[in-house]
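Here the structure is laid out as structure tokens; the discussion comes afterwards.
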There are 2 protein chains.
Amino acid sequence: MRAAHLDATFAALADPTRRAILARLATGEANVTELARPFEMSQPAISKHLKVLELAGLISRSRDAQSRPCRIEARRLKEAAEWMERYRSLWNERFDRLDGLLEEMKTKEKKNARKA
Amino acid sequence: MRAAHLDATFAALADPTRRAILARLATGEANVTELARPFEMSQPAISKHLKVLELAGLISRSRDAQSRPCRIEARRLKEAAEWMERYRSLWNERFDRLDGLLEEMKTKEKKNARKA
DNA sequence: TCGTTCGATAACTGATAGGTTATGTAACGC
DNA sequence: GCGTTACATAACCTATCAGTTATCGAACGA
């Protein structure tokens with residue numbers, strides 16, 4: 001998982017329109033017109049968002065007559081999620097308790113050191 | 001979890017310098033000078049990155065004499081990870097098999113409908 | 001009190017993002 | 001062939017980003 005991939009993935013996810021497009025595509029393929037419909041935004045604007053998503057590898061596009069069906073691609077999302085996993089322990093309650101325990105042990109150590 | 005939070009979180013994570021800073025802070029608190037050291041970048045540039053991280057709620061800062069120790073904050077990271085969870089099924093192999101199974105069932109249903 | 005260290009802020013620059021309107025292009029339906 | 005539909009591309013605008021240098025401010029240490 002190269003840094004440039006994470007750059008592009010997170011940058012793509014930083015826009016609410018693009019997240020909404022992904023949410024829509026999670027329910028199945030859709031073409032550009034269908035994807036544009038819910039937004040008060042010009043069609044070229046949506047095309048730009050799709051290009052960002054495609055360059056980030058978050059979607060792929062095929063061709064069906066005049067239509068360009070878009071499909072969500074899991075890979076980069078998975079990589080980003082794996083990157084976040086590194087931080088799971090930060091909000092994991094069990095770790096928090098372990099952390100507290102370690103803190104406690106350190107304190108006791110100091111007390112013992114002082115006693116000795 | 002409001003959209004604006006996700007916007008700020010993902011935008012903050014889209015920069016490799018900021019991700020490196022978070023990685024460093026995951027190992028414990030550090031002040032600005034310590035955080036700046038590994039980078040070939042001016043101190044004001046690091047201060048700007050820290051401000052982005054702070055505004056996104058990914059870090060917090062306290063005060064210790066002239067020093068401003070930074071600490072990583074789990075909450076927004078957790079929210080972002082939870083957002084990504086919605087897509088886990090996309091890359092989960094078991095789900096893929098389940099998906100195939102559902103597809104198969106739908107096909108059979110149609111066949112049965114035709115039969116009936 | 002005076003120099004030093006830590007860090008923030010200001011002012012500037014070039015690049016990029018996100019939107020617009022206008023136009024181009026490819027495939028379809030008739 | 002010809003209009004229509006679906007989408008991409010171009011040109012443009014404004015705002016924001018990521019970096020710079022220069023400067024300021026606050027707190028420490030002698």
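Letters A, B, ... mirror the listed sequences (proteins, then strands); counts begin at 1.
- A distance of 11.5 Å separates CG in A/Leu53 from OG in A/Ser60, rounded to the nearest 0.5 Å.
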Subject >> Audit row: A/Lys51, A/Glu54, salt bridge (Lys or Arg N to Asp or Glu O under 4.0 Å) steps and yes/no >> reply: CA-CA 5 Å; A/Lys51 178 171 267 181; A/Glu54 189 177 24; over 6 Å; no
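- A distance of 10.5 Å separates CG of B/Leu13 from CG of B/Leu6, quoted to the nearest 0.5 Å.
- Annotation: A/Tyr87 is in aromatic contact with A/Trp83 [ring centroid separation under 6.0 Å].
- Along DNA chain C, the stretch of nucleotides lying under 4.0 Å from any heavy atom of chain A spans, 5' to 3', C/dG18 to C/dC28.
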Kindly give the atom pairs (protein nitrogen or oxygen, nucleotide nitrogen or oxygen) under 3.5 Å for nucleotides 18-24 of chain D.
unit_1 : atom_1 : unit_2  : atom_2 : d
D/dA18 : OP1    : B/Arg18 : NH2    : 3.2
D/dA18 : OP2    : B/Arg18 : NH1    : 3.3
D/dG19 : OP2    : B/His49 : NE2    : 2.2
D/dG19 : N7     : B/Lys48 : NZ     : 3.0
D/dG19 : O6     : B/Lys48 : NZ     : 2.2
D/dT20 : OP2    : B/Ser42 : N      : 3.0
D/dT20 : OP2    : B/Ser42 : OG     : 2.5

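- Note that CZ of B/Arg71 is 11.5 Å distant from CD1 of B/Ile59, once rounded to the nearest 0.5 Å.
- Nearest heavy atom pair, residue A/Ile72 against residue B/Leu90, reads CD1-CD1, 3.6 Å.
- When all heavy atoms are compared, the tightest approach of B/Ala56 to B/Thr9 is O-OG1, 4.2 Å.
- Contact check of residues 55-70 of chain B against DNA chain C (heavy atom, cut-off under 4.0 Å) returns B/Arg61, B/Gln66, B/Ser67, B/Arg68.
- The shortest heavy-atom contact between A/Glu29 and A/Arg24 is O-NH2, 3.6 Å.
- Put simply, CD on B/Gln66 and CG on B/Asn31 are 10.0 Å apart, with the number rounded to the nearest 0.5 Å.
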**OP:** Let me see the working for A/Asp7 and A/Arg2 under salt bridge (Lys or Arg N to Asp or Glu O under 4.0 Å), right down to the final yes or no.
**Re:** CA-CA 9 Å; A/Asp7 289 8; A/Arg2 289 219 310 283; over 6 Å; no
